Structure formats: C-alpha cells, structure tokens
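One structure is given here, and the rest of the page talks about it.
Just so you know, these numbers come straight off a predicted model, no measurement behind them.
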Amino acid sequence: MSLVVGLVVGLVLGIVVIAAIFFKKYRQSVTDSEKSQLELEQLKRSLETEKKAIRISAEKEAEQKLADRREAAEKEVRETRAELKSTEKRLAKREDALENKEQEIREREKSLIKKEVKLDSLIADNQTKERELSEKIAQQDTELLKISGMSKQEAQQRVLTRVEEELGAEIGELVEKATEKAQGEIEDKTREMMITAIERYSGEQVSEVLVSAVDLPNDDMKGRIIGREGRNIRTFEKVTGTDVVVDDTPGVVVVSAFDPVRRQIAKRALDNLISDGRIHPARIEEIVSKTRNDTMQEISRAGREAFNELNLPKPHPKIAMLVGRLKFRYSYGQNVLQHSKEVANLMGMVAAELGLDQSLARRCGLLHDIGKAVDHESEGTHSELGMELAKRCNERPEVLNAIGSHHEKIAADNVYSILVKVMDSVSAARPGARSETLEKYLKRLEKLESIATDAPGVEQAFAIQAGREIRVLINANAISDKEVYKICRDISKRVEKELTYPGEIKVTCIRETRVVEVAR
C-alpha cells in the first residue's frame, strides 16, 4: 500500500514538474514572439522610410531626365528651324535664278525664230537664183555645143585631157617638193616615234626579263609568305638572292632577279612551299636547297641532251652547265638554247652541202651564244665572255673565233665563223614563221610586177628582196623627171589597195637616159 501511495505521489510530482517546465517554455516563447513582432514592426517602418526616399530620388531623377530631354528637343527644334530657314533662302535664290534663265531662254527662242524666218527667206532666194543660174548654164552649154560641133562627153574628155597634160608636170613638181619636205622632217619624226615606242615597250620587256609571277590559291597565303614581322620573306630573299614583291594584285606575288637561274629556282621553291603549306624559315631553307639541287641537275641534263641531240662528242662539264643555263635565258623573246640548237642544225646542213666538218660546224653554232649564260654576272659582251669561257675549257680555235666574231668584235679567220654570223641572223629572223604557201607567194610577186607594169611609161618591173621591193624601169623618152614622182606614188597607192602583205614594200622607180657613141 505504501508502495502505491509512493508511486502516486511520485507521479503527481512528476506531472507538476513537467507542467512547470512547459509553462516556463510557454512564457519564454510568448516573450520571443513579442520581441519578433516589435522587430518586424521596426523593419516595416524602416522599409517604408527607405521606400519613400527611393521614390523621392527616382522622381527627382525622372524630372531631371525629362528636363534634359526637353532641353535637347528644344535645341534640335531650334537647329531644324534654322536649317529650314537657310534652305528656304537657297531655294528662293534658285527660283530667282531659274526665272532669270527662263526669261533668257524665251528671249533666245524669239531671236532664233526671227533668224529662222530670215534663213528660210534666204534659202528660198538662193534656190531661185540657183535655178536661174542652172538655166543660164544649160543655155550656154547648148550654145557652146552648137558652136563647137561636139557632144558634151567629148568636150568634157578634151578638157580633162588638156588639164591633165597641163597639171602633170606641176603635180610631179609638187610631189617632189612634198617628198623633199617630208624627208627633211622624217628624221626628227622617226626619232620621236622610236623614243615613244621604246618608252611604251620597255616596261613589258624589262618585266619579261626580270620578274616571274607566282600564282596563289588565295590572298591569305600572302600573309603566310611574309610571316610574323616579315621573317619568312626575309629568309626566302636571303637564301634565294631574289626580291619578292607582295602588293595589292589579287592572287599573285612576283619574284624579281636579273639572274634567270636564281629567279627560276626561287619561283619553283615558292611554288613548292605553297603546295606544301608549311612556311617557316627552316622549311624555306630546306625547300630552296632541294629546289636548287634539282634545278642544277636539270641544267646539266639539258646541256648534255643538247649535245646528244646534235650528235656531238661529250662536252666538258663546265660547258654542259653553261649550255644548260641557256634554257632559262631569253633574248628578244627568243629562247637562247632553242636558238643555239637551231643555228647548230643550220650550220650542220650548210656544212654538209659545202663539204665541211659537220660536227665542228654544229659545235660552233651551239656554243656561239654561250656567253649569254653569264653576261649578267660579269662585265663585257656575251661574245667576249663566251670566247674566254670556251678558251678555259680547251675548245678548238675555230670555235673560239666563231664565238668571238659572230658580232664582229674580232675578225673572222675561218669559214665556220662566217657561217655562224649568217646562220645567227637567219635564226633570229625566224624564216618560215609566216604560214604562206609557195603558190600564194608567187602569185603575190606576179601581181606586184603586174601593178607596176600597168603604169604609163613603165618598160619593166622586177620584184626583189622576196617581194619586199619592186624596181620599176621608166621610159626616159616618154616620162619626164617630174612625172616619175607621181607614177611612183600611184604604184605604191595601188599596191596598198590591191595587195595583202606582211611588213612593207619599197617602190623604186628608175629613169635614166643612156647615150652611146662608138669612136672609130
């Protein structure tokens, strides 16, 4: 029993303690809530105050912006009004000017109308006078025909014949004076024309000799060729000995050098670099070195092949290299190696006809321009340089003399030297380049002689110089010296009108009196 009472009392005490604890916590929570409520009210009041301040600041800022915009708009309006006023003034001036011009045009129209009326009356008067004059001329012609007893055509023919006879000598004299005057002025005029032509052509010729163009896949490649701070292009120019010109020309850069072999090496190396795509100093040196070796091998091979083509003995290595270098050398638009082989072939054919040493003749022809392989590197003419180089390589005396004398720097002392001069001129003139058949050529010469013999007083005519000149023999008894000028001019004009020919044709008229007596 006492145990139960103890348990009940303990339970009651525990309940009282728990109730006290909960009551204390309740009081504490009520206090915290009241504090939070106070803090919340204070926060609301501060937010309201800050809100009012922000609103006031925003209103002031908006008012300021509005005032600025209003001022800017007013300023723009004032400027627009001023501009409109100035425009109105200019338009008013233009209107005044247009009115003045319109008034001038009206006055001019009135003046033109008056002149037109006057001109119409003058034309009518002239037509009347012309009819009257024509009637009088017709009457006079009828009377003259009655008096002379000839028809109109006969009278005209007789008058024309007489006038032609009277004026023939005068025309010849005028032609002679005009020719003398033209000959006096032609030298200065020719010099002026030649200077002008040289100035116009020199750019193209120099460009052809000194530069080579390299095509680019795109313009971005120019920047890669130049490189950072220009290091690529400087390296390329240094290792090749050329100048690379990168300008605004789309899709092209230019390689410039006086040495044709260096220029060819640089062009090929640049093409290889562009194809490879890796452009930097080390790669540039590698590609240029490889290209140089390949080009030197090609030059040596070209020299040996030239000797093989002409069936000549194996050359000295130095001679083979010099002949191969001519592959990249041009003179007046003609490849020097092809020209040299052409001269050699011509020399061989002529030597065979003359019973000379064909091998020696072809060797003289092939080596005659060998000095052009180095004439840009050393002073002196190509004939002098070529003779010196051939002498170092122990070439025969005939070859040395043919090289040195083909431009008459020294005297020719053998028949091979003389043949080289002739065949060099033949090859340079490119015979047979014109596609003209023999039949057409002969017909042109016959027509040329026919035109000349049709002229009055011509006894004979001969086409010479492959049709570039016609010699006309004039009958001295029928034609005077004064009339020869007119005949010569008439023949040249008819040739120009009736023939088609390359270049020009010289017409030479010859009138002479031969007196022969025999002393017995």
Side-chain angles (χ1 to χ4, degrees), residues 57-140 174 177-178 181-182 184-208 211 213 215-223 226 245-254 256 493 496-497:
S57 176
E59 289 176 353
K60 289 182 179 179
E61 186 177 354
E63 289 176 356
Q64 182 64 35
K65 288 183 178 179
L66 184 61
D68 292 342
R69 289 182 179 178
R70 185 182 296 112
E71 184 178 356
E74 290 176 353
K75 183 179 179 181
E76 185 176 356
V77 169
R78 288 195 298 271
E79 291 177 352
T80 304
R81 287 177 179 173
E83 186 176 354
L84 287 173
K85 287 181 180 179
S86 63
T87 304
E88 288 177 357
K89 289 180 180 178
R90 289 198 300 270
L91 290 174
K93 290 181 179 179
R94 287 184 180 179
E95 288 179 358
D96 294 339
L98 288 173
E99 289 178 357
N100 293 333
K101 286 185 178 180
E102 188 177 358
Q103 183 64 29
E104 290 178 1
I105 290 171
R106 292 197 194 98
E107 293 177 355
R108 286 183 181 179
E109 286 180 351
K110 292 179 181 178
S111 175
L112 289 173
I113 290 171
K114 292 179 180 178
K115 290 180 179 180
E116 187 177 359
V117 172
K118 187 181 292 185
L119 184 61
D120 290 339
S121 63
L122 288 174
I123 290 173
D125 293 341
N126 287 333
Q127 289 176 349
T128 304
K129 291 180 180 179
E130 285 179 359
R131 285 196 298 270
E132 295 175 354
L133 184 60
S134 299
E135 292 175 356
K136 291 181 179 180
I137 291 173
Q139 292 175 0
Q140 291 178 356
L174 291 174
K177 290 181 180 179
K181 182 179 179 182
E185 297 174 354
I186 195 167
E187 185 175 351
D188 295 335
K189 189 64 177 176
T190 303
R191 187 181 295 110
E192 180 182 350
M193 291 171 65
M194 289 297 295
I195 291 172
T196 304
I198 290 170
E199 289 176 351
R200 292 176 59 189
Y201 187 68
S202 60
E204 296 179 3
Q205 182 67 21
V206 171
S207 174
E208 179 185 352
V211 303
D215 295 329
L216 303 180
N218 53 62
D219 283 345
D220 295 338
M221 186 61 69
K222 292 182 179 180
I226 295 172
V245 180
V246 182
D247 54 18
D248 296 334
T249 305
V252 172
V253 296
V254 173
S256 174
K493 292 299 181 183
E496 291 176 1
K497 182 179 179 181

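- Between Val245 and Val253, every side-chain heavy-atom pair lies at or beyond the 4.5 Å cut-off.
- Two residues are said to be in side-chain contact when any heavy atoms from C-beta on lie closer than 4.5 Å; Arg106 and Glu102 meet this criterion.
- In this structure, the separation between CG on Leu112 and CZ on Arg108 is 8.5 Å, given to the nearest 0.5 Å.
- The main-chain N or O of Gly251 is found under 3.5 Å from a side-chain atom of Asp219 such that the two form a donor-acceptor pair.
- For the residue pair Met221 and Leu216, the shortest heavy atom distance occurs at CG-CD2, 4.1 Å.
- Side-chain atoms of Thr128 come within 3.5 Å of backbone N or O of Ala124 as a donor-acceptor pair.
- In terms of the side chain to side chain contact (heavy atoms under 4.5 Å, CB included) criterion, Glu63 has no residue partners (sequence neighbours excluded).
- Counting heavy atoms of neighbouring residues, nucleotides and ligands inside a 6.0 Å radius, atom CD of Glu76 does not exceed 12 of them.
- Checking Lys101, Glu99, Glu107 one by one against Gln103, the side-chain contact (heavy atoms from CB on, under 4.5 Å) holds for a single residue, Glu107.
- Contact check for Val246 versus Ile226: side-chain heavy atoms found under the 4.5 Å cut-off.
- With sequence neighbours excluded, the residues satisfying side chain to side chain contact (heavy atoms under 4.5 Å, CB included) with Glu74 are Arg70, Arg78.
- Note: Arg94 CZ to Thr87 OG1 = 9.5 Å, rounded to the nearest 0.5 Å.
- Counted by atom type alone, Asn100 and Glu104 present zero donor-acceptor pairs between their side chains at under 3.5 Å.
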